[in-house]
Structures are given as C-alpha cells and as structure tokens.
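Read through the structure below, which is laid out as structure tokens, and then see the notes.
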Amino acid sequence: MERLYNDFFGCFGGKYVAEILRTPLDELKHEWLEAMKSKDFKGELDILLTEFAGRPTPLMYAENATKAAGGAKIYIKLEGLANTGAHKINNVLGQALLAKRMGKSRIIAETGAGQHGFATAAVCAKLGLECRVYMGEIDIKRQRPNVFWMELFGAEVEPVRGGAGTLKDAVNEALRDWSSSFETTHYLLGSALGPSPYPDMVREFQSVVGREVECEIKRRDLKVEALIACVGGGSNAIGFFYPFLNKKAPRLIGVEAGGTGNDPGEHASRMSGEGRPGIVHGYKSLFLLDDDGQVGSTHSISAGLDYPGIGPQLAYLGQTKRIEFTKISDSEALDAVQLFSKKEGIIFALESAHAGAEAIKFAESLSPEKSIIVNMSGRGDKDLFILAGILDKNRWYSFLEEEVKGNAG
Amino acid sequence: MPDRIMAHMVAFYPDRESSIEVARALIDGGCNYLEVQFPFSDPTADGAYIQKACMRALEKGFKVHLGFSLISRIRKCSSIPIFIMGYANTVFFHGVEIFLKKCVFSKVQGLIIPDLPPGYDEGIFALGKKAGLKIIPVIAPSIKDDRLDEVMSRDPEYVYAVLRKGITGAYTEIGEDNISFLKKVGAYGVKILAGFGISEKKQVRSLSPHVHASVVGTAFIKEIMNNHRLNPYKVITGKMRGLL
Ligand SMILES: Cc1ncc(COP(=O)(O)O)c(C=O)c1O
C-alpha cells in the first residue's frame, strides 16, 4: 500500500457523503495530490515543521522506566514536545498550507481533547487564516485550558450541544458548517478518518513521525521489538507506524481506551471491544453501535480517545493482523502518567498515557536486549484540572475556591 | 404544472402515536407524497430542528422494525406513495438487501439516502431497481456536469434536488440560480423533487413550473415544536392546506 491515495483499505474507507460535499472533497483530493508533487509546497512545509513546530522531536531512552518495568528497553518518541503539545501540529501545518494554496481564507475544525483545535488555532494565527473550532460541551468542560488558548490565538470556539457533547458531535457540526461554506472554507479534519481523501492525507502528513523514528532506529542500531501508540481516530498511530506497515517487523501495537469497563458506554474500544461495521461520518469502518445501528455512547478519561469510530486504514490493518490492538483502562492510564512523571520527568497526555501503560506491561514480558518504542503523542499540560482533581483533590479544590474568591494572588 | 408537495416527517416524532396523527394530517391536508425520515443518532445533513426531532424520536423508542410497522399502519389508511429517508448506516447496518425487502413488504415506493450517493451506494441503486423500488439520488446545485451525467446514468425516475448549499432548515429564496439549476436537471427528463428551506406557498408556487413536487420538512417540525400544547393533527392539516 505505497500509493498516496487509496480511498478504500480492504472494504473500509470510501466517501459516503451527501452530494453537496462531493464537490469540495473532489477538489481537495485533486489539490492535495498536486501539492504532494510540488517542491515549493514541500519546502514550505518543511520550514514550518522545523521552525514553527520544532521538528524533529526527540527519541528518548527512558532508562528509569525501563528499570522499573524490568524488561525490554523503553524508548519514547516525544511528540508532545512539538509546538502546541501534540502530534496534531504535523497534519495541521500540511492541511493549512494546502488550504492557502486552494485560496481558502477560513478554516473549521473539530476537536476532542482540544489538542487538534489548539494546533489549528495556532497555525491559523501564524498563517493569517480565520478559524472556528467545534467542540462538544462536555469536552469544553474537561479540557478548559485548551479553550482559553484557542481563543487567545484568535479562534472562535463553538460549543456543540447536540448528541453526546463529545468529539463525534463536533465532527457532525463541522460537516454541517462545511456543506454551506466550502467555497471559502477548508475543513481541517484532525484524525485519519472521515471521507476520502482525509484518511490518506492525514496519514501522509503524520508520517513524518514514523520517518524520524526509522532514521533513529538505524542511526542507533536499535533492535526494536514493537512500536506502541494510542488510537483515538488513529492519526498518531498511523503516522508513527507508516514506514513499517509493509514490513514484518517490528510488531505494531495500537492501544484503545478501555475506560471503566466492558459494557456499552464504558469504553471506546472498537478493535479490542465490540466494534461493528458501519458507515458514519462519511467513511466505512468499525464503530461502536447499538443493536439498531445507532451510534453508541463511549467513555474515556481522555477526551481524545472518546470517539466511537476508528480510521479505516487501522481497521483494515487490524483485520489483516499487521496491527495488534489492546486496551488500557482509565486507572491504568492515570498510573502511567504518574510513573513517567516520577521516573522520567515527562508528563504524558492522558491519551498517550494509554500507550505508555501498555509499554510498561509489554516491556516486562521481554528480555533486556530488546527495545520498544512508545509514542508520547502529546504532553499532559491540558490535563492539569483532571489530574489535580483526582490526584490532589482537596488541596486543588481549596486552591480553586481561593482563586474564585480572588485570594490566590 | 400543478402544485404538488412531498411532505416530510420524522417517524416517532413527537412520539409514535402522534407521528401517525402527523402522517394523517399531512395526507388529509393534501400532500401528494410522504417522506418518512428514520431517525439516526448523527444526522449530518440536517439542521437544528430535524436534529432535535430525531433525538426526541429516538428517546421515544424508535427502532427500525417499529418504523416499518408505523409505515404499514399509515398504509392501511391511505395509498399515498411513501418514501423512506434515512442515513447510510441505518440501511447498511441492517443489511441492504434485508432493508430493501422490508421496504417492499411495507409497500414503500422508494428510498432517499443522501450519504449513499451513486458510486458509494453499497449496491442500493442496482438492488433497488431489481426489487422494484425507486432509489432517489440527491443532487445539489454545486454538482459538476460530468457528475450529473454519472448520476443520471443510473436512470432514476425521481431525483431529489437540494436547492442550496448547507443543511435542512434555513429559508431558501427561490431565484434565477435555482430555476436554471432545475432546468438543467429537468432536461434529463426526470421527475424533480426540490427541497431545503421551503416553508411557504409563495415558494411552492415559484417552484411548481419547474419541478414535479416541492419538498417541505422543517416547516412542519417547527409547527409541532412551536405548538406542542395543541393537537398535532390540527396544527399540521392547517399548515399543509396553507401551502397549496
Ligand atoms: C495527545 C493526543 N494523542 C492522541 C489523540 C487521539 O487522536 P489520534 O488517534 O488521531 O492520534 C489525541 C486527540 O485528541 C491527542 O490529543
């Protein structure tokens, strides 16, 4: 699967949209494929990735975590050190430059954890584009710091009240906006899902993560047993795994949100849970659906993994067994945030901490001459309120009360 | 051409029994076709009113098999042509062939599934034809000529022409642009059902010479929402008669 544009991955993917969105999607596909041939476009993107996003991001040997796990060497790809705090910036820069090339002056985006919205708002500020971000009202509450930053960048954050108030509803609203605004507006979708060409395009823009990792593996001559990434829609995972998809090794492990339990509404595990074939948000893939085909409710402590669908290429690679899927619960993810903070001095985003938790488990089962690499797709600054509210509840709440009274200084 | 109306309603909105009343009211009020929307949790082509109606209908216990029973009940009191409108997942999840069989069994004339456009249709156009069902493609004014040719090559008896960009709901002023789009489509010799933002007789009048029927949807839902204390039958027959 070396082609840029695939549309379908096995039976998954496609462009299941109302005719009104076909025109802008066809235009997007055409312009994207042209841009990928353009030296100017690539040159401009490379400069922004280096100067603005801070690439390449480090690959760090996590010596203390390795000792704590007592098995294989754990390496961490520190994507969270990219500007705006997550891998999302890679895709945003690519699509925003493309939007400019297409003469669009306005950008819309959906966001869950707020990291994609954050990156989009920052890049729009940098490139002089108007920006509106749709965000579910539940997500606005749990990722409030990112709302503030987006607005500081000059973006308009539009709360989405319908449905579950999470990422899926933000996608619905962005699609609705786009169906009336596509002439001036680009929909900057934040994960490797949606109607084609998004899954292909987002993968390409995120593949920089995997290419950097591949270089470092060669340079340091690492014997890598597995790559581990968390999977919401799948953009950090597919970008990280990309150079290895057509090889037999290393093992590729995708980690989904195990939430609080196995019942419907308690998790967001489509591959290791009970995802069923469906067509939602313009693509065919595996979704969490109820017995009548309605989109089911989901839960994860991490807003970015709290989504009922999975990108079509990942669903396909799960079927072919090239990617193995597993899940990590809310509390295991919380433990991992603490472990990596204490042992390594880095704060994993709650999303990425799912991969971190799996890395610890996985390393334990391997011998010390082997290595594994985990993608820390984002850093946890945004999770301050969630983490402090759980880990240091009493002192944090009294601080907040003081803050509201104006006594905090 | 005479003023014809395809009236849209959401199955189980405001609840199961009241939606039967709504159907009766639309039929008694003089509509020519009934478009029954099967609610879906994520209706991306719909505006705020139909979204709310769909959420409410799901809360009121809508299930696909109950939707078909509802249609059979409407069928018992009228022979009006009924079309089901829904989203791709509803058809795909239940299995295209099974869904089509159920349509035939409940004497549904055809289907309108906007996110199963020709080419990404899961075989619904071919299978529909075999089953004697009319699968109605949805087209929009932004459609390119070669794409319009491609859609029309499926040889549909009806097309659903969306009159503007965007989603259902907001008012559409019928202007020159709409008319020239409808003329272009009409040249293919299909029956045009035109909708999105039609709520007044004036609009129906301006469309009539160029279409087979005008589609009215949100306007009825709005009436029900704004008059929820009143008997929906009265409210809807009134609104329906006022359009003709
Ligand atoms: C840090 C981080 N990692 C992962 C994700 C999940 O998205 P994806 O699976 O597309 O990488 C998000 C989404 O918000 C995120 O913010």
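Here is how names work: the chains are called A, B, and so on, in the same order as the sequence lines, proteins then strands, and each is numbered from 1.
For the atom pair R276(A) CZ and F93(B) CZ, the distance stands at 4.0 Å (nearest 0.5 Å). Atom CG in D115(B) sits 10.5 Å away from atom CG in L21(A) (nearest 0.5 Å). Atoms OG1 and CG, from T44(B) and D169(A) in turn, are 11.5 Å apart once rounded to the nearest 0.5 Å. Distance check, rounded to the nearest 0.5 Å: CZ of F8(A) to OH of Y120(B) gives 6.0 Å. Distance CD/E19(A) to CD1/I139(B): 8.0 Å, rounded to 0.5 Å. Here E183(A) contributes atom CD and S142(B) contributes atom OG; the two are 7.5 Å apart, rounded to the nearest 0.5 Å.
Residue P137(B): no heavy atom, backbone or side chain, is found under 4.5 Å from chain A. Residue contact with chain A, scored on non-hydrogen atoms closer than 4.5 Å, involves the side chain of F92(B) exclusively. In this structure, the portion of F182(A) lying under 4.5 Å from any heavy atom of chain B is its side chain and not its backbone. Neither the backbone nor the side chain of V162(B) comes within contact range of chain A; no heavy atom of the residue lies under 4.5 Å from a heavy atom of that chain. Only the side chain of L58(B) comes within contact range of chain A, with heavy atoms under 4.5 Å apart. Contact of D26(A) with chain B is not made at all, since no heavy-atom distance falls under 4.5 Å. Residue contact with chain B, scored on non-hydrogen atoms closer than 4.5 Å, is absent for D177(A).
Residue R164(B) comes nearest to I20(A) through the heavy atom pair O-CD1, 4.2 Å, listed as atom of the first residue, atom of the second, then distance. Smallest separation of non-hydrogen atoms from T23(A) and K144(B): CG2-NZ, 3.2 Å. Across all their heavy atoms, A88(B) and I279(A) have their closest contact at CB-CG2, 3.8 Å. In plain terms, the two heavy atoms of G166(B) and S180(A) that are nearest each other are CA-CB, 3.4 Å.
Residue-environment remark: NZ (K52(B)) stays at or below the threshold of 12 foreign heavy atoms within 6.0 Å. Counting non-hydrogen atoms of neighbouring residues, nucleotides and ligands closer than 6.0 angstrom, the CG atom of D149(B) exceeds 12 such neighbours. Within 6.0 Å of CG on D263(A) lie more than 12 heavy atoms contributed by other residues, nucleotides or ligands. The 12-atom threshold is exceeded at CD of E34(A), counting heavy atoms of other residues, nucleotides or ligands nearer than 6.0 Å.
When atom types are taken as modelled, the side chain of D42(B) and the backbone of V295(A) share no donor-acceptor pair closer than 3.5 angstrom. No side-chain donor-acceptor contact under 3.5 Å links Q294(A) to the backbone of K63(B).
Of residues 106-116 of chain A, no residue lies under 4.5 Å from chain B by any heavy-atom pair.
Residue with the most contacts toward chain B among G282(A), P277(A), G163(A): P277(A) (heavy-atom pairs, distance under 4.5 Å). With respect to chain A, the highest number of heavy-atom pairs below 4.5 Å among C54(B), P117(B), A45(B) belongs to P117(B). Interface check for chain B: of the options Y16(A), F287(A), W178(A), the most heavy-atom pairs under 4.5 Å are formed by Y16(A).
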Practice problem: Determine, step by step, whether N89(B) and V280(A) satisfy the side chain to side chain contact (heavy atoms under 4.5 Å, CB included) criterion, reporting the C-alpha distance in whole Å, the side-chain angles of both residues, the deciding distance to 0.1 Å, and the verdict. | Solution: CA-CA 6 Å; N89(B) 200 52; V280(A) 181; 4.2 Å; yes
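Counting heavy atoms from C-beta outward, Q51(B) and R176(A) have side chains that approach closer than 4.5 Å. Residues F40(B) and D292(A) form no side-chain contact, since every pair of their non-hydrogen atoms from C-beta on lies 4.5 Å or further apart.
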